[in-house]
> 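Structure in structure tokens, see below.
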Amino acid sequence: MEVMTSPEMTPVTVPAATAPDADEAASRRAAQAAAQAAAQGAQQMRISESRAKAEGRAQVRPTAEGWKQAMGDDGRPQLQFTAKARVSQPPVHLADLTLDERAAKLKEMGLPGFRAKQLSVHYFQHYTTDPEAMSDLPKDRRAEIAEVMFPKLLTEVKRLTTDNGDTVKFLWRLFDGSLVESVLMRYPGRVTLCVSSQCGCGMNCPFCATGQAGLTRNMSAAEILDQIVQANRVIAEGGLGGKRRDGGHDAERVSNIVFMGMGEPLANYKRVMNAVHRMVDEAPEGLGMSARGITISTVGLVPGIKKLTEEGVPVTFALSLHAPDDELRDEMIPVNSRWKVDEALDAAHAYYVKTGRRVSIEYALIKDMNDHGWRADMLARKLNARGRGWVHVNPIPLNPTPGSVWTSSEPDVTAEFIDRLESAGVPTTLRDTRGKEIDGACGQLAATE
Ligand code: SAH
């Protein structure tokens, strides 16, 4: 396991010394540094607590309550950028490959290149991997071709439906036994799928269910895409929503993707981007979706945001900020120890400047933790300092994880938080909590399995 530590996370170390004098000087320096750090912490604590008090509110801290995060030897939450053990990826699937790569693979099997297109139509347009249904392929080789091009990636373990059938949550088992979730939601005029990008997550945010078990491995591009293809198949079979007035579901398919399921997409950059390319590639090479309908949400991995900015695919970008002050964000979002609020906001703003795409700021409202009026004001100030019209804020009431003592903000507090942002000129939309009754919050279904 590779545990990343930042300069701020490195405990004060005393250099090895030979002379007693040097020993003494070094330990004096270490003690001074420790005292300074403690004083700084205490002072920050006072700022947060006194501001809450001035509003007649309490200041709940993420570290004092709720479930226990994995901690390193230095007493800091662990960040995990790579898997704990050597893990293998699933077999290569048609969806991992470009059309040319598919043709090359088929040629290796002694098959003509045009078969690649036929197979791609079956998968990306008819959502089928069943050799029996592929009557345009030579009968004696159908089974073999399907086995090579369509290894089984996702096995359905559980399906839960709510909101009159307009929300469907899937729990999938992968080839190695890992469990991941996706959530399908029908809205007027669009169908959104919330996809997972990693098995587990290494970012260790204390309020998120996925973070509790750590990271098992990255998902392959095809595993990410197969969530969409499976959802499209379910829709085509009539598995989403009640009866439609026009009597059919044929024309309906997933139109929007949000990378807000399990995992940190920018920590699995290459495979996620390969999947995104396949989502926007024209059919039958890919799904022919619009990049604007794809939202990549990140905890704030600044180098990843910069890479995404240069990528040239105009996806929608969302930053999970959850606190405008480093004092609180350091505890709520452990990766803030590496990239601070202002750095993450600068990177988000640069994304807007380069792509012209308005950025979303995600803000889970947690009672007495991050929902104070002064934080709404500070957030508005920090956003407006970078310009107008480049950003909107999406507060979402916390969906409490099992065993968590934290809860979502009171309605009047939520309303005031939004009011303060709106009156400062920051467009703000409260996100709905679809699927709350079916453990909609990230990773809850997998966690209870
Ligand atoms: N790792 C990425 C994407 C996955 S989480 C990210 O952090 O953005 C998708 C969103 O759900 C994030 O904004 C995350 O902070 C939020 N989230 C996680 N747990 C939640 C909970 N219990 N209630 C509400 N939102 C939650």
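Read the numbers this way: they start at 1 and go in the same order the structure lists the ligands and their atoms.
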> Under 30°, 30 to 60°, or over 60°: which ring-plane class applies to Tyr363 and Phe417, parallel, tilted or perpendicular?
tilted
> Quick one: are Pro400 and Ser408 in side-chain contact, heavy atoms under 4.5 Å?
no
> Nearest non-hydrogen atom to atom 15 (O) of ligand 1 belongs to which of Met203, His322, Met260, Glu362?
His322
> Considering only heavy atoms of Val299, which atoms of ligand 1 have at least one such atom less than 4.0 Å away?
6 (C), 7 (O), 8 (O)
> If we only count N/O pairs under 3.5 Å, is Arg431 in contact with ligand 1?
no
> Any side-chain donor paired with an acceptor under 3.5 Å for Asp371 and Ser409?
yes
> Decide ring-ring contact (aromatic ring centres under 6.0 Å, His included) for Tyr123 and His93; before the verdict, give the C-alpha distance in whole Å, the side-chain angles of both, and the deciding distance to 0.1 Å.
CA-CA 11 Å; Tyr123 183 69; His93 182 281; 4.9 Å; yes
> Does some non-hydrogen atom of Gly263 fall short of 4.0 Å from ligand 1?
yes
> Can you list the ligand 1 atoms lying under 4.0 Å from a non-hydrogen atom of Cys208?
18 (C), 19 (N)
> Could you check whether any side-chain heavy atom of Lys367 comes within less than 4.5 Å of a side-chain heavy atom of Val60, counting everything from C-beta outward?
no
> Would the number of heavy atoms belonging to other residues, nucleotides or ligands and lying under 6.0 Å from NZ of Lys306 be above 12?
no
> Which ligand 1 atoms does Phe259 reach within 4.0 Å, using its non-hydrogen atoms?
3 (C)
> Relative to the heavy atoms of Gly261, which atoms of ligand 1 are at a distance of less than 4.0 Å?
4 (C)
> Could you check whether any heavy atom of Cys205 sits closer than 4.0 Å to an atom of ligand 1, since that is the contact criterion I want to use?
no
> Is the centre of the Tyr127 ring less than 6.0 Å from the centre of the His122 ring?
no
> Within the 4.0 Å heavy-atom shell around Thr298, which atoms of ligand 1 are there?
6 (C), 7 (O), 8 (O)
